[in-house]
Structures are given as structure tokens and as C-alpha cells.
Asker: 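The structure that follows is given in the form of C-alpha cells.
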Amino acid sequence: MARTVPAAVDLRCPLSNPLDPKNRNCLTARRRFFVLCNSPESPPRVSDRSSDPRRKNSSLSEQLKPLSTSTLSTPRTAEAHALKSKPKSTWVNPARPKRSVLNPNRQARSQHSYNPRMRELRLFAQKLNEGEFSESSFLSVLEEIPHPPTRENALLILNSLKSWQKAHLFFNWVKTQNSFPMETIFYNVTMKSLRFGRQFQLIEELANEMIRDEIELDNITYSTIITCAKRCYLFDKAVEWFERMYKTGLMPDEVTYSAILDVYAKLGKVEEVLSLYERARASGWKPDPVAFSVLAKMFGEAGDYDGIRYVLEEMRALGVKPNVVVYNTLLEAMGKAGKPGLARSLFEEMVESGLSPNEKTLTALIKIYGKARWSRDALELWERMRFNGWPTDFILYNTLLSMCADLGLVEEAERLFEDMKQSENAQPDSWSYTAMLNIHGSDGNSDRAMELFEEMPQFGVELNVMGCTCLIQCLGKAGRVDDLVRVFDASVNRGVQPDDRLCGCLLSVASVCEDQDDFLKVLGCLNRANSKLVNFVKLLQDESVNFEKVTEEFKIVISETTVEARRPFCNCLIDICRNQNLHERAHELLYLGSVYGLYPGLHNKTADEWSLDVRSLSVGAAQTALEEWMRTLSRIVKREEVLPQLFSAQTGTGTHKFSQGLANAFASHVSKLAAPFRQSEERAGMFIAKREDLVLWVQSQDPPAVTA
DNA sequence: GTAGGGTTAG
């Protein structure tokens, strides 16, 4: 495949037209062929799945069993009978489409005729919408209905009621009036309203009532039930109602079908989705943009780039033009699959096709550029947005601010923040303030951060736990411990619930406190949030406590901490020990951290090189790890065991503009130990020592610089 | 939101 044009744009089909009957039933093969042909550099993830034996139990054939055995197949027809009696006859006419799994015609909506009493009824509905009623007062107001609740009048009002509670009450009231027999459309309109309120249970009750009263459930009913279940995360219910529909002999149309495709997609059942998709395609279905959006979202969630290409290819082959939603989903998917360049080309393709991006398009792109650290592209896009007057909203602005925080773009962030304040549709909210606190916190501008903190109540914006964490970190770094205590107390009093990240932040501030009073003040804050952690710190400081006790308490504290915060906690605890001159405790903690899997990949060995990767360690933990490593090497040298040529320690360079150099701290510790590690010129963030130098150094340590 | 499906933030 030619690589001169961006792949996102250049997606020529490796096979002929899939609508050609010859190709109708071989989409799986096409997809696999496509994957193999077009992605030599990445593993064919889509096709991998079907061969994965672990997935056998949840395969589509299992999934679709109730459908394929009972309803989807032509049950006990002459055809099936003939096949049974003539098993050797396997020839199938390829020009004959497979039996349908969906109805090619979408269910028609009823036309509503002009209602001469529209004006009064609308006014009445408005009155019902605006008032706050108890159930009984609502029902008494209903008695004032200006015209009798005929079918048309009732439908008009039901359609106008906004809250699900009122719609439900009105629906039940109409039933009690007995002025006409209830029809499907009344249930459908009520269900739609209930779906806004995510009232699946009530929807299911209505559906069962329809079955009981023999009122027909149509495609609109089923798709509403299924999508409500989906929005309530009741995926099994969604599948249950879908299967039920088939069992009653009703064929889904494409709306219901793509709704259920989305259910399987949200369940992560990729093979099932593709199989459903292909079966529908084989029976002649031309998927619309909604179906492709479902597929694109699914592949995006899986980070499956081959799948994304498959979607693009299918659309191109079928001549389906992507709309804005499809482009947005594809862009997001490209981002999740880690393809910023392709996302950029796809965006250009979208604009060239004459579509205008909306705020979701731009949010997706900014996120992608930020993640890729493409600040120039991001800022150019921002300029282009302003120039073209492309739509913005507060989520887009907040995404831009987060990107600025990630890339250290302080001035740009302030400009954006000012724009938000001037805007009508994107006033700063707690996310915006969090991003700003993060930016100035990282920049070390504690004055500006405090200014933002003070102005928040004036604008009616609540501080959230993340903003609080950023500010605490900033004040801690600036050594403003009294302000820190004030901010912490005010935040907790304002309703901020400290989480493990905030605790980790306080712990890290405590670990850099040089003044003992400050140290105790910070621990005082931490005590309000996590007293067990503070007790553990005190236990570490008690030299009479033995290793067994430390192990026991460590296990308790760490197991009660969220997984993401465990390593930071351990890092900070090690730092605190080192600051308090409790070096052996630091070594014990590093050992415990390793035992409990907090430092995976710390040591790496090949025949030629042993390396220590301290990139996820704090300064103190990295120093401790280096000392520990040197102790081990001393023992190996003494025992005259085989050593590799090269030793390396990886500190990383820190991609963040504001990140403190772990490398610098490591370098000074190496020089303090007089260990023969040198910063590598070819490999950034890497310290190298040769075997000969290291052995000489170990032998010169008498007594060893790093005590055993 | 005038009976049903798909897309935005640590």
C-alpha cells in the first residue's frame, strides 16, 4: 500500500466491491485480509481475537444461540429439511442473499394531523411543565384540562411534558379516563420520557403491562427499552429484550439493530458485534453513519487501530459519507489508538469535505495534541478556531487548559482563562480552576495560585479535591506551611473530601519539610484525612519497633490505599525516613514495596547489562535503591560471581517542563558515594558504569560506604 | 425532547 498519502485518507480497498454478491458472505475474510495487507508493523488484533481460545465461551455462536437456533434460522422449513436429508449437497447460490437478520425498512412514524385546539393545549402543557406539584395537586390541575383528553389531545400534551414524573403521572391519568383504548404510541412516548430519567424499572413495568394487555410492542418500543437499559448500564436487560423481540417474531429494523450493536460494543464483545454486523451486511443491509459510529467507538475503546481502518474502509467501499459525529468518534478512536498524525490528517480530510467541526471535534483533537505533546499544532488549532469562529464550549476550554497544564503553557492558559471569563457560554467552573491551580502550582507561582483560590467563592465556584491537591502541593513546594494548613482546613470545611491523592500530596510535603514544626503541622492535616497513615509514620520513627511489626502495619496501610496511590505513598515514606536519618527503615520500606509489587521492573538483567530503572521512584527511594544495588554488587564481587560488562541506571529526563530532575539528585548521590557511574551522552537520563570500574570501587570500600 | 439508534474533560 502506498505510503505517500496519509493512511487515514488513502484507504483503497484491497478487495472488490463488497456489495458484489460474490463477496457478500466473506466480510470476516475481507477484514482479516485487510488487516494482514495493511498493517505489517502492528499485530492483527482484530483477527487475533477469534483465535484466542480463552474467548471461546463468549463467542458469538454462544451469544447468538438463542437467536440462531430458535428464531434467526429458517425454523423447520422445507429448506432446512432438505438440507438435513441431503447433507452432502453443500453448494449454495452465492447470488442469493442470506436470510435477513433485520428488516430493511425502517418502521414508519405516524403522521400527526393538525389539532385545532393546539394553542390552548400547549398553554396548558406549559402550565403543567412550569409548576411544582405534589402528585395530588398535579392530578387536580389535570382536571382543568381545557379540552377533553381525546387521543390527539392527550398525545399532544404527553409529548409536551418535560419531566418523566409528570409524563408518567399524565399517562396513568389518561388511562383512568377511559376515553379511548391505549395504543403503542402512548407507551412509546411515555417510555422515552422515562428514559430521560433513566427509569428502567418503570419502563420494564410498562412493557410488561403492554404484553399483559396485548398492546403491540414495535421497533420503537424495543429500541427505547434497549437504549434505556444501556444508559442504566443494565446490559443483560438490553440483550434480554432484544432476544425477546426476535422470539415474538418481530424483526429489528436498523435503528433497533444498531442499538443492540452498541450494547454488545459497550460490553466489549467485539467479535459478536462484528458477527452481527457481517450477518446484517450479508443480508443486504447498507449500514448508515450511526452504525459506523458504533463500530468506530468500539474499536477506539479497544485502542484497535486495525479496527478503525476497517471502519474507514467499509464506509469508503459502501460509499457512506461520514458525518460530523462519525468523524468525531473516529478522531477520538485515533487518539486512543495512539495515532495523532493520522488524527490530524483525518481532521483535514473532514474540513476539506466541507464539514464544519464542532466543539466535540475540537476537544478530541486538543486532547490528542496535548497527549502527543504537540503544542504547536494545538496552538495553531486554537488560532484557527478563533479565526473561523468554530464553536466552543466550557469542555473544550477546559481541555485546552488541561493541555496547557500538561505542556507548561502558562501565558496561553491565562489568556484562555480570561477568554472564558469574558464568554457567555463557557464560564470557568471547578475544572477550569483546577487546571489553573495545576498550572501555577507546577510553575511554582504560589501567589497566583492563592489568588485563584481566594477568588473562587466570588464566582460561586467550589474547590474540588483535585484543585485542593494542586494548591497544597504548590504551597508545600513554596514552604508556605501555614498557608497550606489554612487552605487544607478551609477546603475540608467547604466540603472537600480528601482522597488518597491528596493524602499522598500531604505526605510528600511532609517528606520535604526541613523544620520539625512544619513537619508536625503537615502531619496534623494528614491526621484529619488518614490517621492510620500518620500512626504508621510515627511507628516508623520509633526505633524500638522491629521489622515484623513494620511489615504487618505496612501491609494494612497499603492494602487500604487505592492501587494508584500505593507507590507514591511508599516513595514518600522512604523519603521521610531518609530525612529523619532512619536509613535502615528506608531500606526496609523499599524491600517491602518491592515484595508487594509496587516497583515492578526496578531491576533488569541481560547477559551483557544489568540495569536499575528508578524512573518511578522518588529521590530518596532512588538513592535507597542505588545503595541497595551497590550492597548486592559488593556481595557478588566478594563471592567472585559472574558479572556483565555494563551497569546502567535509568532516571529518565522528565518530559514535563516543570519536572524536577531526578537525574540531578541521582548524580549528586552517585558522586557522594564516589561510585563510578557517568551520565551517558548517547542515552539521555542514563547513568553507566563499566564492570572493571565498579569492581575496583567496591573493593576500595573498606569499610563499605554503604553499610550492609 | 414533538414516538426509537451513535460523539466531548484529570
Side-chain angles (χ1 to χ4, degrees), chain A residues 106-112 115 118 121-122 125 129 155-164 167 183-193 195-196 217-228 230-231 238 252-263 265-266 287-298 300-301 311 322-333 335 357-368 370-371 391-403 405-406 429-432 434-435 437-438 464-467 469-470 499 501 564:
Chain A
R106 196 183 282 213
Q107 184 184 320
R109 295 183 186 201
S110 59
Q111 301 275 330
H112 47 265
N115 190 329
M118 173 110 92
L121 289 167
R122 278 216 186 282
N129 271 327
L155 202 50
L156 201 148
I157 290 173
L158 187 60
N159 263 318
S160 313
L161 292 176
K162 286 179 178 154
S163 89
W164 63 266
E183 293 168 34
T184 305
I185 188 168
F186 282 86
Y187 282 90
N188 290 350
V189 176
T190 309
M191 282 186 182
K192 185 185 173 189
S193 193
R195 193 186 58 178
F196 273 107
L217 285 80
D218 61 15
N219 258 285
I220 296 176
T221 321
Y222 282 109
S223 58
T224 311
I225 298 170
I226 289 166
T227 52
C228 180
K230 186 174 69 184
R231 285 178 203 183
D253 65 9
E254 71 173 335
V255 175
T256 314
Y257 205 75
S258 50
I260 202 69
L261 282 183
D262 194 38
V263 169
K266 296 245 154 37
D288 67 356
V290 176
F292 284 120
S293 173
V294 167
L295 293 186
K297 172 90 180 175
M298 173 181 77
E301 289 301 318
V311 173
N323 62 17
V324 178
V325 176
V326 173
Y327 271 116
N328 290 352
T329 315
L330 282 166
L331 286 170
E332 180 104 349
N358 65 18
E359 55 276 21
K360 289 173 184 154
T361 321
L362 300 167
T363 300
L365 271 179
I366 291 294
K367 228 174 107 182
I368 291 168
K371 207 170 127 192
T392 58
D393 66 359
F394 72 104
I395 295 179
L396 174 55
Y397 268 108
N398 285 345
T399 308
L400 281 159
L401 286 180
S402 299
M403 177 209 65
D406 286 342
D429 67 352
S430 62
W431 282 63
S432 327
T434 301
L437 289 168
N438 186 7
N464 63 25
V465 65
M466 191 173 279
T469 306
C470 293
D499 60 6
R501 282 175 72 157
E564 313 81 64

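Throughout, a chain's letter reflects where its sequence line sits, starting with A, and its residues are numbered from 1.
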Asker: Looking only at N and O atoms, is any donor in the side chain of A:Thr227 or the base of B:dG5 less than 3.5 Å from an acceptor on the other one?
Answerer: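 No, the side chain and the base share no sub-3.5 Å donor-acceptor pair.
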Asker: I want to check one thing: is the phosphate of B:dG1, taken as OP1 and OP2, less than 4.0 Å away from some side-chain N or O of A:Lys162?
Answerer: no
Asker: Could you check which of B:dG5, B:dA3, B:dA9 has an atom nearest any side-chain atom of A:Trp431?
Answerer: B:dA9
Asker: Is a donor-acceptor pair below 3.5 Å formed from side chain A:Thr224 to base B:dG4, judging by atom type as modelled?
Answerer: no
Asker: Using the P atom in both, what is the distance from B:dG10 to B:dG6, to the nearest Å?
Answerer: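 Comparing P positions in B:dG10 and B:dG6 gives a spacing of 22 Å.
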Asker: Please state whether the base of B:dG4 and the side chain of A:Asp218 form at least one donor-acceptor pair under 3.5 Å?
Answerer: no
Asker: What residues, two or more places apart in sequence or in another chain, satisfy side chain to side chain contact (heavy atoms under 4.5 Å, CB included) together with A:Thr227?
Answerer: A:Arg195, A:Lys230, A:Ala259
Asker: According to a strict under-4.0 Å criterion, is A:Arg195 in side-chain N/O contact with OP1 or OP2 of B:dG5?
Answerer: yes
Asker: B:dA3 P sits how many Å from A:Arg109 CZ, rounded?
Answerer: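 In whole Å, B:dA3 P and A:Arg109 CZ are 5 Å from each other.
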Asker: Would A:Thr329 and A:Ser293 count as having a side-chain donor-acceptor pair, cut-off 3.5 Å?
Answerer: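 Yes.
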Asker: Below the 4.0 Å mark, does B:dG4 have OP1 or OP2 next to a side-chain nitrogen or oxygen of A:Arg106?
Answerer: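 Checking B:dG4 against A:Arg106, no side-chain N or O comes under 4.0 Å of OP1 or OP2.
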Asker: From B:dT7, B:dG4, B:dG6, pick the nucleotide closest to the side chain of A:Lys192?
Answerer: B:dG4
Asker: Using whole Å, what does the distance between atom C1' of nucleotide B:dT7 and atom NZ of A:Lys360 come to?
Answerer: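 So the NZ-C1' distance, A:Lys360 to B:dT7, works out to 6 Å.
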Asker: Between B:dG4, B:dA3, B:dA9, which nucleotide has the shortest distance from any of its atoms to the side chain of A:Asp253?
Answerer: B:dG4
Asker: With P as the reference atom in both, quote the distance from B:dA9 to B:dA3 in angstrom, rounded to an integer.
Answerer: 30 Å
Asker: Categorize A:Ser193 for me: base, sugar-phosphate, or nothing, with a 4.0 angstrom heavy-atom threshold over every strand shown.
Answerer: base
Asker: Rounded to whole Å, how long is the line connecting atom CG of A:Leu158 with atom P of B:dG4?
Answerer: 12 Å
Asker: State which of B:dG4, B:dA9, B:dG5 makes the closest approach to the side chain of A:Asn219.
Answerer: B:dG4
Asker: For A:Lys371 and B:dG10, is the shortest distance between a side-chain N/O and OP1 or OP2 below 4.0 Å?
Answerer: no
Asker: Under 4.0 Å, heavy atoms only, any strand: does A:Thr361 hit a base, just the sugar-phosphate, or nothing?
Answerer: nothing
Asker: Do A:Asn328 side-chain and B:dT7 base share a donor-acceptor contact under 3.5 Å?
Answerer: yes
Asker: Have a look at A:Ala108 and say if it touches a base, only the backbone sugar-phosphate, or nothing, with a 4.0 Å heavy-atom cut-off.
Answerer: base
Asker: Do A:Val324 and A:Pro357 have side chains that get closer than 4.5 Å, going by heavy atoms?
Answerer: no
Asker: Choosing from B:dG5, B:dT7, B:dG10, which nucleotide comes nearest the side chain of A:Arg231?
Answerer: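 The listed nucleotide nearest to A:Arg231's side chain is B:dG5.
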Asker: Closest approach to the side chain of A:Ser258, judged atom by atom: which nucleotide of B:dG5, B:dG10, B:dG6 is it?
Answerer: B:dG5
Asker: Measure from CG on A:Leu331 to P on B:dA9 and round the result to the nearest Å.
Answerer: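 Whole-Å distance recorded here is 14 Å.
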Asker: Using the salt bridge (Lys or Arg N to Asp or Glu O under 4.0 Å) criterion, which residues pair with A:Asp288? Sequence neighbours excluded.
Answerer: A:Arg106
Asker: What is the minimum heavy-atom distance between A:Pro289 and A:Val326, and which atoms define it?
Answerer: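 In terms of heavy atoms, the two residues are closest at O-CG2, 3.3 Å.
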Asker: With side chains defined as the heavy atoms from C-beta onward, is the minimum distance between A:Ile225 and A:Leu217 less than 4.5 Å?
Answerer: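 A:Ile225 reaches A:Leu217 side chain to side chain.
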Asker: How is A:Asn129 classified with respect to the nucleic acid when contacts are heavy atoms under 4.0 Å: base, sugar-phosphate, or nothing?
Answerer: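 No contact.
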Asker: Decide whether A:Thr434 and A:Asn464 meet the rule of one side-chain donor and one side-chain acceptor closer than 3.5 Å.
Answerer: yes
Asker: Report the distance from atom OH of A:Tyr222 to atom C1' of B:dA3, rounded to the nearest whole Å.
Answerer: 16 Å
Asker: Could you tell me whether A:Val324 contacts a base, only the sugar-phosphate backbone, or nothing, with contacts defined as non-hydrogen atoms closer than 4.0 Å?
Answerer: nothing
Asker: Just call it for A:Thr221: base, sugar-phosphate, or nothing, with non-hydrogen atoms closer than 4.0 Å on any strand.
Answerer: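 Answer is nothing: A:Thr221 stays at 4.0 Å or more from every strand.
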Asker: Considering only side-chain heavy atoms of A:Val326, which listed nucleotide, B:dA9, B:dG6, B:dA3, is closest?
Answerer: B:dG6
Asker: How close do A:Glu332 and A:Ala364 get, counting heavy atoms only, and between which atoms?
Answerer: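 Distance-wise, the nearest heavy atoms are OE1-CB, 3.7 Å.
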Asker: Hey, does A:Thr329 reach any base, or is it just sugar-phosphate, or nothing, if we go heavy atoms under 4.0 Å?
Answerer: sugar-phosphate
Asker: Nearest of B:dG6, B:dG4, B:dA9 to any side-chain atom of A:Ser223?
Answerer: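 Among the listed nucleotides, the one closest to the side chain of A:Ser223 is B:dG4.
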Asker: Please determine whether a side-chain nitrogen or oxygen atom of A:Lys230 lies at a distance below 4.0 Å from atom OP1 or OP2 of B:dG5.
Answerer: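 Negative; the distance criterion is not met.
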Asker: Examine the base of B:dG6 for any acceptor or donor lying under 3.5 Å from a partner atom in the side chain of A:Asn323, and report the outcome as yes or no.
Answerer: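 Donor-acceptor pair under 3.5 Å: yes.
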Asker: Considering only side-chain heavy atoms of A:Ile220, which listed nucleotide, B:dG10, B:dA3, B:dG6, is closest?
Answerer: B:dA3
Asker: Select base, sugar-phosphate, or nothing to describe what A:Arg122 touches, counting heavy atoms under 4.0 Å on all strands.
Answerer: base
Asker: Between atom CZ in A:Phe196 and atom P in B:dG1, what is the gap in whole Å?
Answerer: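 Atom CZ in A:Phe196 sits about 6 Å away from atom P in B:dG1.
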Asker: Which listed nucleotide (B:dG4, B:dA9, B:dG6) is nearest to the side chain of A:Ser293?
Answerer: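 Out of B:dG4, B:dA9, B:dG6, the nucleotide with an atom closest to A:Ser293's side chain is B:dG6.
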Asker: Base, sugar-phosphate or nothing for A:Tyr327? Non-hydrogen atoms, less than 4.0 Å.
Answerer: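 The answer is nothing, as A:Tyr327 stays clear of every strand by at least 4.0 Å.
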Asker: With heavy atoms under 4.0 Å as the rule, sort A:Asn398 into base, sugar-phosphate or nothing.
Answerer: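 Answer is base: heavy atoms of A:Asn398 come under 4.0 Å of a base.
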Asker: Is any side-chain N or O of A:Asp288 under 3.5 Å from a base N or O of B:dG6, one able to act as donor and the other as acceptor?
Answerer: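 It does not, because no donor-acceptor pair links the side chain of A:Asp288 to the base of B:dG6 below 3.5 Å.
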Asker: Would you mind reading off the distance between A:Leu156 atom CG and B:dA3 atom C1', rounded to a whole angstrom?
Answerer: 13 Å
Asker: With side-chain contact (heavy atoms from CB on, under 4.5 Å) as the criterion, how do A:Thr361 and A:Tyr327 come out once you've worked through the C-alpha distance, each side chain's angles and the decisive distance to 0.1 Å?
Answerer: CA-CA 8 Å; A:Thr361 321; A:Tyr327 271 116; 5.7 Å; no
Asker: Using a 4.0 Å heavy-atom cut-off, does A:Val325 contact any base of the nucleic acid, only the sugar-phosphate backbone, or nothing at all?
Answerer: base
Asker: Given atom OH of A:Tyr257 and atom C1' of B:dG6, what is their separation to the nearest angstrom?
Answerer: 16 Å
